[in-house]
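This one's a predicted model, so the numbers in the text were calculated from it and none came from an experiment. Ligands are counted one by one from 1 in listed order, and the atoms in each one are counted from 1 as well.
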Amino acid sequence: MQKHHPLSNEYPRVIRLDRGGYTTCNIILKGASITSWRIEDEEQLFLSRRTRLDDYHKYRGGITIVFPHFEDWSFGRNHGFARDLIWSVKDGPKTDQYGDVHLELSLKSNCFTKSNWNYDFDLQYRIILKERSLDLKLLVLNLSKHETFYFQIAFHYHIKVKDSNKVAVAGVKNLMYRDFLDSSMELPFKTFYNDKFQLATPIDVVIYNTGNALQFISKGDDKIIGITKTSNMPDFSIWSTGLRRNLPNPREFDADELTSFIGTDIGNLSKVYLAPQSTWLASQNIEIKKENQTRGIMKNFIDYFDDIC
Ligand SMILES: O=P(O)(O)OC[C@H]1O[C@@H](O)[C@H](O)[C@@H](O)[C@@H]1O
């Protein structure tokens, strides 16, 4: 257990998980933000060069947590306060018998959170760095003896890709979605009729009630990003930079960075009600495979001709 005091300047602000073989993960306690995840020295997360990694600015990159509110909020900042506040270390980093590295963090209600959202909670976060994946677990505790509260929660990912316009999402057939950039849309919901959905930026969609596995197939760098999750995290947004709605402004990026990430939120974007003295637990695993490592598994016979004809 690392010793620290929340008001001391001496406790570590950045924690590095190191699995050996140049597989590492950096977590900044502000927002429990995973700002870097390298597999065999190759960076998997996008972090804009223009991001100021101090306690006051929003980080444009990495993986942060949306809690307790998704999107605009009359009581506080966009996507809630969990990504803005300083978390504390509960346990770790520790290496287990398989060589995986564990870290547990926690964010508890305090005067500031109560000025935005007047509830007693403890949000606990366990990160496990594995060989080619990250296991992310969230536990929400309602510490109140009397009051039920509700929240929205998601992992807010910026996944690094070579070209976001060469990325498809697989596993969406028959799912309902909303396209926030389609002004011609008469009905609020649309349906995907194919299993794959090709991204084209700018994009701002939310897909509802997804299954427990999703895949981003990134042709630009031959990567498959697989996400598996518990069923209580059914919703899934995909977004890019752009000058529409509340998309991140292109000025937050260098010119060569505009299409080098996929923005995605995966979580529960409807309301989760939590009774007093009870808990809510969810997890996700994000795994990166190189296309040549997965060909035999992921592709059927016809798909082998994709690149040829
Ligand atoms: O700029 P932020 O607060 O990180 O949000 C980025 C994106 O977050 C997503 O969750 C929203 O669906 C997008 O509309 C939004 O643009």
Are any of the heavy atoms in Lys58 under 4.0 Å away from ligand 1? yes
Given the options Ile238, Asp235, Ile266, Asp179, Ile207 meets side chain to side chain contact (heavy atoms under 4.5 Å, CB included) only with Ile238
Does either side chain, that of Gln124 or that of Asp122, offer a donor lying less than 3.5 Å from an acceptor on the other one? yes
Could you check whether atom NZ of Lys223 has more than 12 heavy atoms from other residues, nucleotides or ligands sitting under 6.0 Å from it? yes
Other cluster members, Leu139 - Ile/Leu/Val/Met/Phe/Trp/Tyr, side-chain contacts below 4.5 Å: Leu141, Leu143, Leu281
Please classify the Arg77 to ligand 1 contact at 4.0 Å (heavy-atom distances, strictly less than): side chain, backbone, both or neither. neither
For a quick test of reading the model, state the closest non-hydrogen atom pair linking Thr24 to Arg16 and the distance between them. CG2-NH2, 3.4 Å
Arg245 heavy atoms within 4.0 Å reach ligand 1 at atoms 14 (O)
Give the numbers and elements of all ligand 1 atoms closer than 4.0 Å to a heavy atom of Arg83. 2 (P), 3 (O), 4 (O)
In terms of atom number and element, which parts of ligand 1 are under 4.0 angstrom from non-hydrogen atoms of Asp265? 9 (C), 10 (O)
Between Asn78 and ligand 1, find which residue part has any heavy-atom pair under 4.0 Å and reply side chain, backbone, both or neither. side chain
Examine the proximity of ligand 1 to Asn246 and report which part, side chain or backbone, both or neither, has a heavy atom under 4.0 Å away. both
For ligand 1, is there an atom lying under 4.0 Å from some heavy atom of Gly263? no
Answer yes or no for Phe70: is there a heavy-atom contact with ligand 1 below 4.0 Å? yes
